[in-house]
Amino acid sequence: MIITISGTPGSGKSTVGDLLSKKLEYEYFDIGRIRRAIAKKRGITLEELNKVGETDESTDKEVDDYQRHLGQAKDSFILVSRLGYHFVPNSLKVFLKVNIDEAARRIIKDESRSEEEKPHTIAEAKRLIDVRNTSDKKRYSKYYDIDPYDTKHYDLVIDTYNKSPQEIAEEILEATNK
């Protein structure tokens, strides 16, 4: 079984993906972390990498091809990726969402973000979320003619507000049994 997890920034994708991979003892792949590593290697932030990607598709194609390969080469894994559902169509496609205020609070608390990428105020976090969403929509529309935030693409949509990562993981596991 393959589970792809997408969603809005700050909705808990990485936390839930990591938790599910441990529960199921599956390999775990997080495209956001991979893209952050690519940005760091280039000496830029993820926001800057996304901006470059608006005119240079190679910044997306590398990880997109990687996702396609995973879907063809492996049978059981967890993939956290804005477009995982598209590149690995034979997966349970999960979309996590949360309101922007809660997303901003979560992003500020996120220990996995580097200091240069970590916002320090709610207003700054909301601005970064908006910039990220706008860039993602622009790039994915341009390169694939899709909107990653359109929930019609997903088998399961979960609002993560007021839910623990464990509750969300259980909801996803229940969906795998149906």
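Using a 4.0 Å cut-off between charged nitrogen and carboxylate oxygen, Glu124 and Arg127 do not count as a salt-bridge pair. Using a cutoff of 4.0 Å between basic side-chain nitrogens and carboxylate oxygens, Asp65 and Arg68 are scored as salt-bridged. Salt-bridge annotation for Arg132 and Asp136: present, with a side-chain N of the basic residue lying under 4.0 Å from a carboxylate O of the acidic one. Ion pairing between Glu170 and Lys23 holds under the 4.0 Å rule for side-chain N and carboxylate O.
Hydrophobic clustering keeps Ile172 apart from Phe95 (ILVMFWY residues linked when any side-chain heavy atoms are closer than 4.5 Å, directly or through intermediates). Under a hydrophobic clustering in which Ile, Leu, Val, Met, Phe, Trp and Tyr are joined whenever their side-chain heavy atoms come within less than 4.5 Å, directly or via other members, Leu19 and Phe77 fall into different clusters. Val98 and Val157 fall into different hydrophobic clusters, defined by Ile, Leu, Val, Met, Phe, Trp and Tyr side-chain heavy atoms under 4.5 Å apart, directly or through other members. Residues Leu173 and Leu92 share a hydrophobic cluster, clusters being chains of Ile/Leu/Val/Met/Phe/Trp/Tyr side chains in contact below 4.5 Å. Hydrophobic clustering of Ile, Leu, Val, Met, Phe, Trp and Tyr side chains at less than 4.5 Å, counting indirect connections, unites Leu46 with Ile34.
Across all their heavy atoms, Pro148 and Tyr140 have their closest contact at CG-CD1, 3.4 Å. Heavy atoms only, all atoms of each residue included: Ile5 and Gly17 are closest at CD1-CA, 3.7 Å. Closest of all the heavy-atom pairs between Leu156 and Glu171 is CD2-O, 4.1 Å. Contact record, Ser6 with Ser81: CB-O, 3.4 Å, taken as the closest heavy-atom pair. A pairwise comparison of heavy atoms in Ile2 and Lys74 identifies CD1-O, 3.6 Å as the closest pair. Between Leu79 and Gly84, the shortest heavy-atom contact is CD2-CA, 3.9 Å.
A distance-only check finds a donor-acceptor pair linking the side chain of Thr134 to the backbone of Asp130 [under 3.5 Å]. Using a distance-only test at 3.5 Å, with no hydrogens or angles considered, no donor-acceptor pair links the side chain of Thr15 to the main chain of Gly12. Proximity of a side-chain donor or acceptor of Glu48 to a complementary backbone N or O of Thr45 within less than 3.5 Å is detected. Under the 3.5 Å distance criterion, the side-chain polar atoms of Thr8 are left unmatched by any main-chain donor or acceptor of Ser11. Between the side chain of Arg82 and the backbone N or O of Ile31 there is no donor-acceptor pair closer than 3.5 Å. At least one donor-acceptor pair under 3.5 Å links the side chain of Tyr143 to the backbone N or O of Glu57. Under a 3.5 Å cut-off, the side chain of Lys93 and the backbone N or O of Pro89 do form a donor-acceptor pair. A donor-acceptor pair under 3.5 Å is absent between the side-chain atoms of Ser141 and the main chain of Ile146, judged by distance alone.
Note: Thr151 OG1 to Ile158 CD1 = 12.5 Å, rounded to the nearest 0.5 Å. To the nearest 0.5 angstrom, Ile100 atom CD1 is 12.0 Å from Glu102 atom CD. Note that NZ of Lys13 and CD1 of Ile168 are 11.0 Å apart. Values are rounded to the nearest 0.5 Å. To the nearest 0.5 Å, the span separating CD1 on Ile78 from OG on Ser14 amounts to 12.5 Å.
When only modelled atom types and interatomic distance are considered, Thr160 and Arg106 share a side-chain donor-acceptor pair under 3.5 Å.
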Original post:
So Tyr28 and Val80, side chain to side chain contact (heavy atoms under 4.5 Å, CB included) or not? Walk me through it.
Top reply: CA-CA 8 Å; Tyr28 171 63; Val80 172; 3.6 Å; yes
**OP:** For Ile3 and Leu24, run side chain to side chain contact (heavy atoms under 4.5 Å, CB included): C-alpha distance rounded to whole Å, both residues' side-chain angles, the deciding distance at 0.1 Å, then the answer.
**Re:** CA-CA 11 Å; Ile3 301 172; Leu24 294 170; 4.0 Å; yes
Subject >> Derivation and outcome, side chain to side chain contact (heavy atoms under 4.5 Å, CB included), residues Ile38 and Leu49 >> reply: CA-CA 8 Å; Ile38 291 169; Leu49 181 68; 4.2 Å; yes
**OP:** Before giving the answer on side chain to side chain contact (heavy atoms under 4.5 Å, CB included), spell out for Asp60 and Arg35 the whole-Å C-alpha distance, their side-chain angles and the decisive distance to 0.1 Å.
**Re:** CA-CA 9 Å; Asp60 282 289; Arg35 288 185 54 76; 3.7 Å; yes
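Contact check for Asn133 versus Pro9: side-chain heavy atoms found under the 4.5 Å cut-off. Proximity of Arg139 to Asn50: side-chain heavy atoms (C-beta onward) are separated by under 4.5 Å at one or more points. Counting heavy atoms from C-beta outward, Tyr26 and Met1 have side chains that approach closer than 4.5 Å.
Within 6.0 Å of NZ on Lys51 lie no more than 12 heavy atoms contributed by other residues, nucleotides or ligands. Environment of NZ in Lys22: sparse, with no more than 12 heavy atoms of neighbouring residues, nucleotides or ligands closer than 6.0 Å.
Using the six-membered ring where Trp is involved, Tyr66 and Phe29 have ring planes that are perpendicular, over 60° apart on the 30 and 60° scheme. Classification of the His86-Tyr144 ring pair by plane angle, with boundaries at 30° and 60°, yields tilted.
A side chain to side chain contact (heavy atoms under 4.5 Å, CB included) with Arg105 holds for exactly one of Asp101, Ile107, Ile108; it is Asp101.
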